[in-house]
2 protein chains.
Amino acid sequence: MTTNRRKPAGRPATLPDVAREAGVSRSTASRALAGYGSVSPDARERVRAAAEKLGYRANQLARSMITGRTHTLGAIVADIQNPFFAGVTRGITDAARAAGYQVLLANTDEDVAAERAAVKMLRDKHVDGLIVAPAATTETGHLAAAHAAGCPVVLLDRQAPGLPADSVTVDNHGAAQDAVRRLLVAGHRRIALVSLLGTAPVGTPADTPGTAPSTALEAAPADPASPDPASPDPVSTGLERIEGYRAALREAGLTDTDTYLRTGTFHREDPADLTAELLSLSEPPTAVFATDSMIALGVLSAARDHGLRVPEHLSVVTFDDTDWARAVRPRISVVAQPVQELGARAVHSLITRIEGTAGTPEHIVLDTEFIERESIASPPDAS
Amino acid sequence: MTTNRRKPAGRPATLPDVAREAGVSRSTASRALAGYGSVSPDARERVRAAAEKLGYRANQLARSMITGRTHTLGAIVADIQNPFFAGVTRGITDAARAAGYQVLLANTDEDVAAERAAVKMLRDKHVDGLIVAPAATTETGHLAAAHAAGCPVVLLDRQAPGLPADSVTVDNHGAAQDAVRRLLVAGHRRIALVSLLGTAPVGTPADTPGTAPSTALEAAPADPASPDPASPDPVSTGLERIEGYRAALREAGLTDTDTYLRTGTFHREDPADLTAELLSLSEPPTAVFATDSMIALGVLSAARDHGLRVPEHLSVVTFDDTDWARAVRPRISVVAQPVQELGARAVHSLITRIEGTAGTPEHIVLDTEFIERESIASPPDAS
DNA sequence: CGCATCATTGAGAACGTTCTCAATCCAAGC
DNA sequence: GCTTGGATTGAGAACGTTCTCAATGATGCG
């Protein structure tokens, strides 16, 4: 007669199988494999051999039920097809894997409802923590709830004033200001900024929709360094870059900072259209600052359609050093962000928070690097 | 006196909490919420109300332990930073979410060992299925094992002859042949192909490493339509594109198909260097076919460094319609792959396999589209 | 009225781990 | 010899669900 409850050939081996094979109890087998408690060298070796013989792999689901840890992180980004987020995601997955974590990925397409749904799904799956590039600055209740319930949140690329969470960003204000300064130094005075912001046009709450396809932002508050916390929903990153742009212009004595400022809405406006409108002005800009690489593509496209050559007729600078920026002709001068490091640092912050104690939120600000290439020249009318 | 085992305020509500609140048993509460078995309308409503009142969310880990389903898919791709895979990943996550699944993401960097490790980790987490762009054609034992153990595998973008798994690809041979034909029609006779293949140089097994930084492939086997199944490890996709290229050249009466064929190794060779070498030949090619967008960037970069203008001096065609291809000057003619659909179809195949029965592997081949733009002209010496 | 059928319900097992705790054993110290 | 203490071990609970099964009550039919 055989022992009853023998392992059927097909089924993957479980801990009782290993214990039986090694002639010890479940408890000892578990201790030997997980490496806690105390186990005699002899038992440890027998368990190890049995586990190897049976090809035993611990069921992480069962383990997670007990330990409360899944070793899984949730990453919620706007759009992996944007090279910036692709790089960030790459940094996240690599750093996570190195630390023994896996990554559950979700896209929001800049939509808060999708973000909320993603948080819900990920928390149902009991991720140990969340890395989020929030779609909105103010609507962060779902993030605060997760954080309060013991599912740490780290903000990536974007800030959310009310949320007591760690964040990893770059100095958007300073980087934008620096980039625009370089255009000013080259002699430009009519410098445009093209950006895509939140999911609704920016302006005062009671603003009537403008007739133009794009709306200029309201004048900045008195203190230019602090973006208005009561402003509507666009993400902090875009706002900070705009403030940096304004600051640089003001610094150069240009008081009318919003003449060439064009912001559109994700999925509604096309950066190429915004640029086309700018280039059709009676006094068109001689330089354009794009707030990310996908917008830069629109700017480039519109410039070409207007028969303008870069940089002879139009200088161009953009955030994000994508692969094409250094391969096209002319090579584009950029504000390079440390994309992979941004993701990696977010992972490290998150894991520290998961494994450590609560504490006051930490805000990591990484350096950007301005890479001078061939897309900036003196303005055409400067001669 | 209170009932013992009351829910402490902090802890999230569990099924027993809901059952107690609704005055029914765990079993009935579970049935009411999961919607199986039979429950009286009255009980169903009381449970629903109790669940809502307590903010109950089922613990998916516990559920998965019983059902054996995690509603999680594993996606293993080479590199999310490659726009092709970024698009595919986007398609995967979107389709998965729509079908009620989440996606666990892993990068391999074209490394089989990393792929093997990823499969192990993902299976430990009990993903319901795997979508894989395999790093190698032959070393697929880990994939076969997963498949055999009831974790279905769907191959994406690449084939693996020995593996009885579904696959979703495009007609690489036909698409490459078509692209090269268009260069031939424009009058080109010296057409180069630049590609990056596996993790080792391609050639006969006993081949000695060439002195040149790149190695030309051995002559094709007698039957040009079927890539040599005994060839070493480069992925099928690249091989098929090369065969399509050769077929087009042969069709045009060019017997020496490998003169301008340059293949490098991931992480070892730079496409720009391969191109530079080609352009330095005494009879340089007048057109280059790049097998993906990142290679095209290298080609463009090398062309610029050689002072060549596209398309006047050099025509360029590439696989993958990335955003920059339609924004740069000149706009690049491309073989567009349905990237998002590739991902979505892989998800659908996988879910069908997960929820349905086993069966003979299905091979889905999607259409590519050649998009004619401005990067093809007649060869400079044709006048 | 007796019996079969059906809907509804709850008790308890099951999933595969980790954790708590008490029991056992052995050597050392008094 | 007896006690102390540490190392080692196994029994059993726990995690939060779903599933199996038997029990109950109501209904319909002959």
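The shown structure was predicted, so the numbers you read here are calculated from the model rather than taken from an experiment. Proteins get letters first, then strands, A, B, ... in listed order; numbering begins at 1 in each. Side-chain atoms are counted along with the backbone in the values below, which use heavy atoms only and exclude waters and symmetry mates.
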*Is it the case that more than 12 heavy atoms not belonging to B/Glu362 sit under 6.0 Å from its CD atom?*
no

*To the nearest angstrom, how far is A/Arg69 atom CZ from D/dC15 atom C1'?*
15 Å

*To the nearest Å, how far apart are A/Leu33 CG and C/dG16 P?*
16 Å

*Side chains of B/Arg46 and B/Val24: closer than 4.5 Å at any heavy-atom pair?*
yes

*Taking Watson-Crick and G-U wobble pairs with both distances under 3.5 Å, convert DNA chain C into its dot-bracket string, 5' to 3', dots for unpaired and | for cross-strand pairs.*
||||||||||||||||||||||||||||||

*What's the CG-P distance between A/Asp17 and C/dT17, to the nearest Å?*
9 Å

*Separation of D/dT17 C1' from B/His71 NE2 (nearest whole Å)*: 14 Å

_B/Arg31, nearest nucleotide to its side chain (from D/dG10, C/dG10, C/dT17)_ = C/dG10

*Looking at residues 34-43 of chain B, who's got a heavy atom less than 4.0 Å off DNA chain C?*
B/Ser38, B/Val39, B/Ser40, B/Ala43

*Go through A/Val119 and A/Val153 one step at a time and tell me if the side chain to side chain contact (heavy atoms under 4.5 Å, CB included) criterion holds.*
CA-CA 10 Å; A/Val119 169; A/Val153 173; over 6 Å; no

*Take the protein atom CG of A/Asn59 and the nucleotide atom P of C/dA14, then report the distance between them rounded to whole Å.*
17 Å

*In residues 22-29 of chain A, which ones come under 4.0 Å of DNA chain D, going by heavy atoms?*
A/Val24, A/Ser25, A/Arg26, A/Ser27, A/Thr28

*asked:* Regarding B/Lys120 and B/Asp124, does a basic nitrogen lie under 4.0 Å from an acidic carboxylate oxygen?
replied: no

*Whole-Å distance between D/dG16 P and B/Leu61 CG?*
11 Å

*Can you tell which of C/dT18, C/dC15, C/dG16 lies closest to the side chain of A/Ala62?*
C/dG16

*Taking side chain as C-beta onward, heavy atoms only, is B/Ile131 less than 4.5 Å from B/Val347?*
yes

*Verify the distance criterion only: is there a donor paired with an acceptor across the side chains of A/Thr108 and A/Asp111 at less than 3.5 Å?*
no

*Would you kindly give the CZ-to-P distance between A/Arg44 and D/dA7, to the nearest whole Å?*
13 Å

*For the residue pair B/Tyr101 and B/Leu73, what are the closest heavy atoms and their distance?*
CD2-CD1, 3.2 Å

*What nucleotide among D/dC15, C/dT18, D/dT17 has an atom nearest to a side-chain atom of A/Arg63?*
C/dT18

*Provide the closest heavy-atom pair for B/His348 versus B/Ala95 in the form atom of the first, atom of the second, distance.*
NE2-CB, 4.3 Å

_A/Ser30 side chain near C/dT17 phosphate (N/O to OP1/OP2, under 4.0 Å)_ = no

*Which heavy atom of B/Thr70 sits nearest a heavy atom of B/Ser64, and at what distance?*
CA-OG, 3.4 Å

*Hey, does B/Val154 have a side-chain heavy atom less than 4.5 Å from the side chain of B/Leu156?*
no

*Between B/Arg90 and A/Asp109, is there a salt bridge with N-O shorter than 4.0 Å?*
yes

_So, applying side-chain hydrogen bond (donor to acceptor under 3.5 Å, both in side chains) with A/Asp166, which one of A/Arg353, A/Arg345, A/His147, A/His363 is it?_
A/Arg353

*Return the value, rounded to whole Å, for the distance between atom CD of A/Gln60 and atom P of C/dC15.*
19 Å

